[in-house]
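The structure under discussion appears below in the form of structure tokens.
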Amino acid sequence: MFPIHFIECVTKYHGGEPSADGFNVGKRECSFYHLLSFNQEKKDYILNVYHDIKYQLVDGICPFGDDIADNHVCFDYRSNSQRPLIVFIDHELAYENPESGMFFLAHSFEEFINGLYEEE
């Protein structure tokens, strides 16, 4: 089950692109591109994306957005099924080893969204 803040955000901004889109993965600056779609007709439909990249994911990880370089921002349900962590999946690193391509971003969806910043 998706967190309530995510459901509210998707309901309001389905497939939306935030104006403040910057976030950091360690010392690397990234740009959040958009939320994945819940429209089955769209290329970025959340279930299609999951099936396309599941070989890059460990069990319990579910993508909900991506960056401009086709990496993914995901829910990490491994330690808490009610309040998942937010992780970043670097598709190039995860291709070889899913665990080594995963990086912690935030303790919750709302923390991640509230931490996005305007890039200079």
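Both backbone and side-chain heavy atoms feed into the values below; hydrogens, waters and symmetry mates do not. Sequence positions, counted from 1, serve as the residue numbers for this chain.
No more than 12 heavy-atom neighbours from other residues, nucleotides or ligands sit within 6.0 angstrom of CG on D59.
Residues D67 and V73 form no side-chain contact, since every pair of their non-hydrogen atoms from C-beta on lies 4.5 Å or further apart.
Residue pairs meeting the salt bridge (charged side-chain N to carboxylate O under 4.0 Å, His left out) criterion with at least one partner in residues 1-13, sequence neighbours excluded, are absent. Sequence neighbours left out, the pairs with a member in residues 86-100 that pass salt bridge (charged side-chain N to carboxylate O under 4.0 Å, His left out) are R28-D90, R78-E99.
In this view, D21 satisfies the side chain to side chain donor-acceptor pair (under 3.5 Å) rule with no residue, not counting sequence neighbours. In this view, F109 and F6, F64 satisfy the ring-ring contact (aromatic ring centres under 6.0 Å, His included) rule, not counting sequence neighbours. With sequence neighbours left out, Y77 forms a ring-ring contact (aromatic ring centres under 6.0 Å, His included) with F75.
Apart from I4 itself, the hydrophobic cluster it occupies contains nothing, where clustering links Ile, Leu, Val, Met, Phe, Trp and Tyr at side-chain heavy-atom distances under 4.5 Å. Under a 4.5 Å side-chain heavy-atom cut-off, the cluster of Ile, Leu, Val, Met, Phe, Trp and Tyr residues that includes Y95 is completed by Y55.
The CE atom of M102 sits 6.0 Å away from atom CG of D76, with the distance rounded to the nearest 0.5 Å.
In plain terms, the two heavy atoms of A94 and Q56 that are nearest each other are CB-O, 3.5 Å. Minimum interatomic distance between L93 and S100 (heavy atoms only, all atoms of both residues): O-OG, 3.8 Å. Smallest separation of non-hydrogen atoms from P63 and C74: CA-SG, 3.5 Å.
In terms of hydrophobic clustering, with Ile, Leu, Val, Met, Phe, Trp and Tyr side chains grouped at heavy-atom distances under 4.5 Å, I89 and F32 are assigned to a common cluster. Cluster annotation: F88 is not connected to L85 through the hydrophobic network of ILVMFWY side chains, with a link wherever side-chain heavy atoms come within less than 4.5 Å.
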Using distance only, find each side-chain donor-acceptor pair of residues 111-118 under 3.5 Å and give its atom names and separation, not counting sequence neighbours.
| from | atom 1 | to | atom 2 | distance (Å) |
| --- | --- | --- | --- | --- |
| E111 | OE2 | H107 | N | 3.4 |
| N114 | ND2 | E110 | O | 3.1 |
| Y117 | OH | N24 | OD1 | 2.9 |
| Y117 | OH | E29 | OE2 | 2.8 |

Donor-acceptor list for residues 36-54 side chains, cut-off 3.5 Å, not counting sequence neighbours:
| from | atom 1 | to | atom 2 | distance (Å) |
| --- | --- | --- | --- | --- |
| S37 | OG | N39 | N | 2.8 |
| N39 | OD1 | E41 | N | 2.8 |
| D44 | OD2 | H34 | NE2 | 2.4 |

Checklist entry - Between L35 and C9, does a side chain to side chain contact (heavy atoms under 4.5 Å, CB included) hold up when you go through it step by step? => result CA-CA 9 Å; L35 294 168; C9 186; 3.9 Å; yes
